[in-house]
2 protein chains.
Amino acid sequence: MDTGDRLLTPGEVAALFRVDPKTVTRWAAAGRIGSIRTPGGHRRFRESEVRALLEGEGMLDEADEMGRPRNAGPTASTGPAGPANAGMY
Amino acid sequence: MDTGDRLLTPGEVAALFRVDPKTVTRWAAAGRIGSIRTPGGHRRFRESEVRALLEGEGMLDEADEMGRPRNAGPTASTGPAGPANAGMY
DNA sequence: TAACATTAGGGTAATTAGGGAC
DNA sequence: CTTGTCCTAATTACCCTAATGT
């Protein structure tokens, strides 16, 4: 059962989200997305986790959302409720 | 049970890290990962060491603050024997 | 022995990391 | 507060040919 633990490079993740690779790096640095480091220091991301984030897995409807109380509120717990347990066994 | 007496080829390790086999060879040359040489000069890597590197080897994530803490990993156990992991600038 | 895929080795582009500022 | 762009340095990817492993 490979849920897809393929690893993606920062550039691929950035392309998927249509953001700058630097932004993906910031997400990883902030702990918003799990990352695996190569011995050289580069990051690799789990495809399953990235796809979960793309799907909006856990994200409620944002149709009416405009305020986007991200950090302002306590216990933000924004969205995906956790790491989506992408890859743990 | 063999926790890792199995030896992996550069191609195997490269696939695990989603990097080029040449990069794995470079890691071995730089001493970032242990390697066993065949009489012919080819390298073999210990599966236990590779898996330890993949898991993060004692490093959960670099999340620090801001946002919310993600779930904690499954007890990272004790770091094996933190080998010479040195190197970032 | 022969054939095939993989690996080693060097060299050169492309990508990534990290910081700091707007 | 988030994102994109600037910089420099390090790491990685792809090019090649020859040797090794099965």
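Values reported hereafter were calculated over all heavy atoms of this structure, with side chains retained and with hydrogens, waters and symmetry mates removed.
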Exercise for the section: Please check if atom CZ in A:Arg18 has more than 12 non-hydrogen atoms from other residues, nucleotides or ligands closer than 6.0 Å. Expected result: no
Would you tabulate the nitrogen or oxygen pairs shorter than 3.5 Å linking the protein to nucleotides 3-5 of chain C?
none

Exercise for the section: Could you tell me whether the side chain of A:Glu49 and the main chain of A:Ile33 form a donor-acceptor pair under 3.5 Å? Expected result: no
Practice task
Tell me, please, which residues at least two apart from A:Arg44 pass salt bridge (charged side-chain N to carboxylate O under 4.0 Å, His left out).
Solution key: none
Problem - Pairs touching residues 19-30 of chain A that satisfy salt bridge (Lys or Arg N to Asp or Glu O under 4.0 Å), sequence neighbours left out - result: none
Handout entry: Residue-phosphate contact under 4.0 Å: A:Trp27 side-chain N/O, D:dT3 OP1/OP2
Key = yes
Handout entry: CZ-CG distance between A:Arg32 and A:Leu53, expressed to the nearest 0.5 angstrom
Key = 10.5 Å
Fill in the blank from the handout: Rounded to 10°, the helix from C:dA3-D:dT22 to C:dG19-D:dC6 deviates from straight, judged by its five-pair end axes, by 60°
Practice task
Write down the atom of A:Arg43, the atom of A:Pro10, and the distance for their closest heavy-atom approach.
Solution key: O-CD, 3.2 Å
Exercise for the section: Return the value, rounded to whole Å, for the distance between atom CG of B:Leu8 and atom C1' of C:dT7. Expected result: 15 Å
Exercise for the section: With sequence neighbours excluded, tell me which residues meet side-chain contact (heavy atoms from CB on, under 4.5 Å) with A:Leu8. Expected result: A:Glu12, A:Val13, A:Leu16, A:Glu47, A:Val50
Exercise for the section: Let me have a per-nucleotide readout for nucleotides 13-22 of chain D, 5' to 3', with B, S or -, counting only protein heavy atoms under 4.0 Å. Expected result: BS-----BS-
Exercise for the section: Could you list all the ring-ring contact (aromatic ring centres under 6.0 Å, His included) pairs where at least one residue sits in residues 23-52 of chain B, not counting sequence neighbours? Expected result: B:Phe17-B:Trp27
Exercise for the section: Calculate the interatomic distance between B:Ile33 atom CD1 and D:dT11 atom C1'; express it in whole Å. Expected result: 16 Å
Exercise for the section: Check whether any side-chain nitrogen or oxygen of A:Arg43 sits under 4.0 Å from OP1 or OP2 of D:dA10, and answer yes or no. Expected result: no
Completion exercise
With the side chain defined as heavy atoms from C-beta on, A:Arg37 is closest, among C:dA8, C:dA17, D:dT11, to C:dA17
Problem - With B:Ala14 via side-chain contact (heavy atoms from CB on, under 4.5 Å) - residues at least two apart - result: B:Val19, B:Pro21, B:Val24
